[in-house]
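Encoded as C-alpha cells, the structure appears first; notes follow it.
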Amino acid sequence: MTPKIPDPMEELLPKLLRRARRLARTADEAEDMAQETALRLWQALDGPHDIETPERYAMTMLHNIARQRWRGRRVTEELTDDMAQAAPLAHGRIACAELQAAIERLPKDQAELMRLVMLGETSPQILADRIGVPKGTVMSRLGRARATLRNEIGLEGSVVELL
C-alpha cells in the first residue's frame with residue numbers, strides 16, 4: 001500500500017476556517033469566507049499564476065474578503081438635499097468687497113485711518129501717533145468716515161462701529 005500524499009488544500013482548509021472564525025460574526029459567515037477563499041485559491045493555482053506560498057496567498061485573500069464584507073455591512077445614511085448644501089459664503093464676501101470699495105471712495109485722510117482700523121489698529125492714540133495728528137482729529141475723522149459709510153452702503157450703525 002502506497003502512502004497517501006497529503007493534499008495542500010486539506011491542510012489549509014482548517015487553518016482558513018480558524019482564521020475566518022476570528023474575522024466573522026457568525027460560524028456560517030466564517031465557513032462561507034473560508035470556502036470562498038479556498039475556491040479562489042484553487043482557481044488561482046489552476047491558472048497561469050505562479051504562487052510560491054499558497055497559504056500566505058490564501059490568508060491575504062481571506063482578509064480581503066473579510067474587509068469587503070465589513071464594508072458592505074457598514075450602515076450608511078442616505079444623503080438628502082439639505083445635507084448637500086454648504087452655507088453660502090458669497091454674501092459675506094460681497095459685503096466685504098462693497099465695504100472696501102466704499103472705504104476707497106472716502107477722502108484720503110479718512111480712508112487711511114479706516115485701512116489702519118481694518119488691519120486691527122483700534123486705539124485712537126496709537127492711530128494719532130502713527131499718522132502724526134492729534135487724537136481729537138483721529139476721532140473726528142473716524143466719526144465722519146463711519147457716518148459716510150453708514151449712508152453709502154446702508155449698514156447698521158453697530159456694524160460700522162466695529163470699524
Side-chain angles (χ1 to χ4, degrees), residues 15-34 36-37 40-41 43-44 49-53 55-163:
K15 292 178 184 178
L16 281 173
L17 190 55
R18 278 194 302 274
R19 178 76 53 92
R21 284 186 184 136
R22 284 188 248 145
L23 298 172
R25 286 195 292 179
T26 64
D28 290 337
E29 187 179 20
E31 285 181 31
D32 289 346
M33 289 188 335
E36 185 176 346
T37 302
R40 288 184 186 184
L41 176 64
Q43 290 171 339
H49 305 293
D50 185 27
I51 300 171
E52 293 180 22
T53 54
E55 184 174 333
R56 180 180 293 164
Y57 188 84
M59 293 300 173
T60 302
M61 269 198 297
L62 178 64
H63 281 270
N64 290 339
I65 289 169
R67 272 194 217 106
Q68 286 173 347
R69 287 177 182 245
W70 294 335
R71 287 183 190 127
R73 197 181 311 140
R74 192 179 311 155
V75 178
T76 57
E77 186 177 345
E78 185 175 332
L79 293 177
T80 59
D81 289 340
D82 61 328
M83 291 175 166
Q85 295 176 357
L89 299 175
H91 299 297
R93 289 183 178 165
I94 290 170
C96 285
E98 288 175 355
L99 180 59
Q100 286 178 338
I103 289 172
E104 294 304 316
R105 291 189 295 270
L106 289 171
K108 184 179 177 183
D109 56 348
Q110 294 175 15
E112 179 184 9
L113 280 173
M114 292 306 290
R115 278 191 226 96
L116 288 172
V117 170
M118 283 177 38
L119 292 173
E121 193 56 64
T122 58
S123 167
Q125 185 60 55
I126 293 174
L127 289 169
D129 293 342
R130 183 171 284 178
I131 63 170
V133 296
K135 181 179 170 185
T137 304
V138 168
M139 299 294 285
S140 65
R141 285 180 186 174
L142 284 175
R144 286 192 305 270
R146 289 178 178 140
T148 303
L149 291 174
R150 273 194 297 270
N151 290 333
E152 189 171 330
I153 59 178
L155 290 176
E156 295 294 321
S158 61
V159 175
V160 177
E161 290 301 323
L162 295 175
L163 296 176

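All values reported here derive from a predicted model rather than from experimental measurement.
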Of the non-hydrogen atoms in P124 and V138, which two are nearest, and what is the gap between them?
O-CG1, 4.0 Å
Rounded at 0.5 Å granularity, tell me how far CZ in R69 sits from CE in M33.
6.0 Å
For A20 and A30, the nearest pair of non-hydrogen atoms, with its separation, is CB-O, 3.4 Å
To the nearest 0.5 Å, how far apart are OG1 in T37 and OH in Y57?
11.0 Å
Rounding to 0.5 Å, atoms OG (S123) and CG (L116) come to a distance of 11.5 Å
Rounded to the nearest 0.5 Å, the CZ atom of R18 sits from the CG atom of L23 at a distance of 13.0 Å
Going by an N to O cut-off under 4.0 Å, is there a salt bridge joining E36 and R40?
yes
side-chain contact (heavy atoms from CB on, under 4.5 Å) evaluation trace for R141 with L127:
CA-CA 11 Å; R141 285 180 186 174; L127 289 169; over 6 Å; no
Separation between CG (D109) and OG1 (T137), nearest 0.5 Å, reads 9.5 Å
Which residue in the set E121, Q100, E104 passes side chain to side chain donor-acceptor pair (under 3.5 Å) when paired with R115?
E104
Pairing donors with acceptors under 3.5 angstrom, does anything connect the side chains of D129 and Q125?
yes
Apply the test side-chain contact (heavy atoms from CB on, under 4.5 Å) to residues L41 and L16: give CA-CA distance (whole Å), side-chain angles for both, the deciding distance (0.1 Å), then the verdict.
CA-CA 11 Å; L41 176 64; L16 281 173; 5.7 Å; no
Spatial distance of atom OG (S140) from atom CD (Q110) [nearest 0.5 Å]
8.5 Å
Could you check whether R21 pairs with E29 (Lys NZ or Arg NE/NH1/NH2 to Asp/Glu carboxylate O, under 4.0 Å)?
no
Is the shortest heavy-atom distance from the side chain of L106 to the side chain of E112 under 4.5 Å?
no
